[in-house]
Visitor: 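Below is a structure I'd like to ask you about.
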Number of protein chains: 2
Amino acid sequence: MKETNETNDLQKAGLKATLPRLKILKFLESTAVRHLSAEDVYKAMLDGGDEVGLATIYRVLTQFESAGLVTRHHFEGGHSVFELNEGKHHDHIVCVKCGKVEEFYDETIEERQHLIADKNGFSMTDHALTIYGICSGCQ
Amino acid sequence: MKETNETNDLQKAGLKATLPRLKILKFLESTAVRHLSAEDVYKAMLDGGDEVGLATIYRVLTQFESAGLVTRHHFEGGHSVFELNEGKHHDHIVCVKCGKVEEFYDETIEERQHLIADKNGFSMTDHALTIYGICSGCQ
DNA sequence: AATTAGAATGAGAATAGTTCGCATTTGGAG
DNA sequence: CTCCAAATGCGAACTATTCTCATTCTAATT
Ligand SMILES: [Mn+2]
Ligand SMILES: [Mn+2]
Ligand SMILES: [Zn+2]
Ligand SMILES: [Zn+2]
């Protein structure tokens with residue numbers, strides 16, 4: 001009967017509570033760095049003594065994305081960056097020097113996006129807004 | 001003394017007016033499809049009887065980008081999309097069904113982005129905003 | 001607790017998009 | 001017209017990601 005939070009989260013998402021999935025989910029919940037590439041996750045888990053194949057990392061992150069447990073972003077360069085989904089939508093501001101990522105939410109921008117979609121006859125399904133700049137520490 | 005517009009544009013950009021660069025620039029100026037991948041450009045030029053090596057397409061598009069002649073985007077999927085730079089900044093709304101791309105410019109969003117960058121101590125250098133949705137023709 | 005069928009994993013091959021290395025060609029300054 | 005640095009074409013190399021498939025694991029059922 002004793003079930004961990006993570007086991008429950010996975011089952012609620014319709015995913016078997018396998019060891020790799022549990023390890024990845026726990027890692028995402030515990031890491032201080034919120035925005036990570038698949039390779040980042042792979043290496044961090046290696047360092048933590050939890051070896052999971054890279055292909056599995058990719059598969060699981062994609063499954064987590066479909067299940068709404070994580071979000072995927074494409075910051076410049078094109079490759080995927082993942083973060084644990086904490087439920088609150090936000091966009092990003094990225095330092096082009098050091099890679100630092102800050103999060104923000106702006107109601108006005110969100111509203112305008114819907115207006116623009118409507119004006120163009122689109123029913124909006126999603127959006128991606130990333131501001132690039134140089135952070136205070138880098139200038 | 002007789003110089004084509006394109007030859008001048010290239011020279012102003014500090015680029016030698018080579019045949020491949022002239023062909024690519026003329027193609028970008030004449031095509032009805034504004035947003036193209038390197039492969040798209042490659043194939044379109046083949047069809048037009050102007051064969052240019054794919055590596056050259058990539059090199060030239062990147063040089064054009066540095067020179068400000070074209071802009072590069074990363075719509076979802078990760079691979080690069082290029083468009084001729086007509087001088088007026090804009091963002092994009094992309095149909096996730098058919099790939100149709102519309103352009104828009106919203107002063108309020110532009111202003112807010114600067115505010116947000118400032119508030120976070122960033123000096124903004126760039127931004128990428130793409131709205132995804134389903135176009136009128138696809139719903 | 002043992003069985004078991006189907007789902008998940010790991011390892012490496014395969015793929016897509018892009019860049020690189022280098023021998024050959026070309027543009028344009030002199 | 002000459003000549004060299006710059007540009008091109010080709011295939012090899014690379015990077016991020018997905019696929020294949022033999023092996024292992026999960027969890028439902030005896
Ligand atoms: Mn985030
Ligand atoms: Mn555009
Ligand atoms: Zn920085
Ligand atoms: Zn459409």
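Throughout, protein chains are lettered first and strands after them, A, B, ... in sequence-line order, and every chain is numbered starting at 1.
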Visitor: OP1 or OP2 of dG9(D) sitting under 4.0 Å from any side-chain N/O of T56(B)?
Guide: yes
Visitor: Is the distance from OP1 or OP2 of dT8(D) to the nearest side-chain N or O of T18(B) less than 4.0 Å?
Guide: yes
Visitor: Flag the pair L129(B) / Q113(A) as yes when at least one side-chain heavy-atom distance between them is below 4.5 Å, and no otherwise.
Guide: yes
Visitor: So if I take every side-chain heavy atom of K16(A) and compare against dT19(C), dA8(C), dG27(C), which nucleotide ends up nearest?
Guide: dA8(C)
Visitor: Side chain of T62(A) only, please: which of dA16(D), dT8(D), dT18(D) is the nearest?
Guide: dT18(D)
Visitor: If only side-chain N and O atoms count, and only distance matters, is there a donor-acceptor pair under 3.5 Å linking H79(B) with E39(B)?
Guide: no
Visitor: Mark yes or no for a side-chain to base donor-acceptor pair under 3.5 Å between R21(B) and dG27(C), with no hydrogen or angle criteria applied.
Guide: no
Visitor: Report the distance from atom CG of L61(B) to atom P of dT18(C), rounded to the nearest whole Å.
Guide: 10 Å
Visitor: To the nearest angstrom, how far is Y42(B) atom OH from dT8(D) atom P?
Guide: 15 Å
Visitor: Can you tell which of dG9(D), dC19(D), dT8(D) lies closest to the side chain of V60(B)?
Guide: dT8(D)
Visitor: Parallel, tilted or perpendicular: which describes the rings of F75(A) and H73(A), with under 30° parallel and over 60° perpendicular?
Guide: parallel
Visitor: Return the value, rounded to whole Å, for the distance between atom CD1 of I57(A) and atom P of dT18(D).
Guide: 13 Å
Visitor: Side chain of S80(B), heavy atoms from C-beta onward: which of dG28(C), dT18(C), dA8(C) has the nearest atom to it?
Guide: dT18(C)
Visitor: Taking atom P of dT15(D) as reference, at what distance in whole Å does atom CD of E39(A) sit?
Guide: 10 Å
Visitor: Charged N to carboxylate O below 4.0 Å: is that the case for R34(B) and E86(B)?
Guide: yes
Visitor: L54(B) has an atom CG; how far is it from atom P of dA13(D), in whole Å?
Guide: 18 Å
Visitor: Give the nucleotide from the list dG9(D), dA27(D), dT18(D) with an atom nearest to the side chain of R59(B).
Guide: dG9(D)
Visitor: Counting side-chain heavy atoms from C-beta on, which of dT8(D), dT9(C), dT18(C) comes nearest to P20(B)?
Guide: dT8(D)
Visitor: Just compare dT18(C), dA27(D), dT18(D) and give me whichever is closest to any side-chain atom of A17(A).
Guide: dA27(D)
Visitor: Between dA16(C) atom P and H74(B) atom NE2, what is the distance in whole Å?
Guide: 20 Å
Visitor: Nearest to the Y58(A) side chain among dA6(D), dT9(C), dT17(D), which nucleotide is it?
Guide: dT17(D)
Visitor: From the list dG10(C), dT17(D), dC20(C), which nucleotide is the closest neighbour of the side chain of A55(B)?
Guide: dC20(C)
Visitor: What is the distance from CD of Q11(A) to P of dT26(D), rounded to the nearest Å?
Guide: 12 Å
Visitor: Does a side-chain heavy-atom distance below 4.5 Å link E76(A) with T130(A)?
Guide: no
Visitor: What I want to check is whether the side chains of T62(B) and R59(B) have a donor and an acceptor closer together than 3.5 Å.
Guide: no
Visitor: Expressed as a whole number of angstroms, how long is the span from L10(A):CG to dC25(D):P?
Guide: 18 Å
Visitor: Does L15(B) or R72(B) map to a spot on DNA chain C nearer the 5' end, using the closest nucleotide for each?
Guide: R72(B)
